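Working notes, structure below.
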Amino acid sequence: MTVLRILSDGRFHSGSSVGETLGISRAAVWKTVQKLQQEWQVKINAVSGRGYQLATPLELLDKGAIVAAIQPQYRDQLPELHILSSVDSTNRYALDQVMKGSATGLAVLAEHQTAGRGRRGRNWVSPFGRNLYLSLVWKFELDARHLSGLSLAIAVAILRALVKLDIEGVGLKWPNDVLWQEKKLGGVLLEMRGEANGPWLIVIGIGMNVNMEAVDANAIDQPWVDLQTIQGRHIDRNLLAGVLLDELIQAVSSFQQSGLASFLSEWREHDICLNCPVALHFPNRVQQGIARGIDADGALLLETDGIITPYHAGEVSLRVSPHGR
Ligand code: BTN
């Protein structure tokens, strides 16, 4: 039991009652509250005569609840599940565990990231206790050429998890952005270690906006949305984490067996850029064209001057809203 767990019910708790429960002094409780506020940016009201109260109740990550949401036949494939209060980046932590000998099936979830990594060197805004920050380590016996479609398969796994939770209307933007009404709901960052011919240890990092507070989102530099806004109710992060892990395990096993084939039709069905004018950004140039979907390897098909070319890298931006066509 921690101070935060006691406060997580959203009620007032006096310093002395918290101290008594935990067997620590009131001063130690106060110190912990300071740390929660300053280091993890948890918003806590301190009212003299009443005690401490979270500004909004938090549902903390709970290993038992997460595992319970994974189908029994897939639980064995997750030998390690680490739940952290705060970490720089769950991907960095997972890569570190790989260097220390952890292999396939290590999953890491954190309440808070101080240096969450986004694609293309961006920062992933990661306030405490609101969203999902998840990394899964998986070993693939494939050569690098065959790995290019993996990020699309992961996007489909996320989509399947959301559909299972009755969240509809989610779209995908190549290669693996998860959007809702053109606003970013989640993203995927794959980081890998291995030799050219494999095997590869891949860290699949997923960030999903769940119950974001507007004040925490000030630092996000693009239109965003969270599941709470889409559904109009608070979303159970433990259920979401479990269902997501369940779908991820199925997806990585299927990808290892048969590549992207079983993901293509769903990816195409949810492709928000299909037949839209887009710009494909590279570090030194931008290629304009019309997005014509993806090929069997997951490459983006871009039509320019009547010629369709497959692209395996780059960052897509829509030039015209698909709703405005
Ligand atoms: C993107 O830019 O779209 C990808 C964002 C990926 C963020 C997640 S949060 C969990 C994992 N740990 C990180 O540091 N990044 C990924």
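Just so you know, these numbers use all the heavy atoms, side chains as well, and skip hydrogens, waters and symmetry mates. Values in this document were obtained by computation on a predicted structure and should not be read as measured data. Both counts, for ligands and for their atoms, begin at 1 and track the order of listing.
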Exercise. Starting at CG of Leu301, measure out to CH2 of Trp174 and round the result to the nearest 0.5 Å.
Key: 10.0 Å
Give the atoms of ligand 1, by number and element, whose distance to some non-hydrogen atom of [X] is under 4.0 Å.
| X | value |
| --- | --- |
| Ser89 | 12 (N), 13 (C), 14 (O) |
| Gly207 | 7 (C), 8 (C), 9 (S) |
| Gly116 | 14 (O) |
| Arg119 | 1 (C), 2 (O), 4 (C) |

Quiz item: Is the His82 ring parallel, tilted or perpendicular to the Tyr93 ring (thresholds 30°, 60°)?
Solution: perpendicular
Practice problem: Report yes if some heavy atom in the side chain of His112 is under 4.5 Å from a heavy atom in the side chain of Gln41; otherwise report no. | Solution: yes
Practice problem: Measure across Gly129 and Leu58 and return the closest heavy-atom pair with its distance rounded to 0.1 Å. | Solution: O-CD2, 3.6 Å
Practice problem: Evaluate the ring pair (Phe, Tyr, Trp, His ring centres under 6.0 Å) criterion for residues Trp200 and Phe140: first the C-alpha distance (whole Å), next the side-chain angles of each, then the deciding distance (0.1 Å), finally the verdict. | Solution: CA-CA 5 Å; Trp200 288 89; Phe140 289 90; 9.9 Å; no
Quiz item: So, does Lys184 sit close enough to ligand 1 that a heavy atom of it is under 4.0 Å from the ligand?
Solution: yes
Quiz item: For atom 9 (S) of ligand 1, which candidate among Gln113, Lys173, Arg117, Arg122 provides the closest heavy atom?
Solution: Gln113
Quiz item: With a 4.0 Å heavy-atom cut-off (strictly under), which part of Ile206 contacts ligand 1: side chain, backbone, both or neither?
Solution: backbone
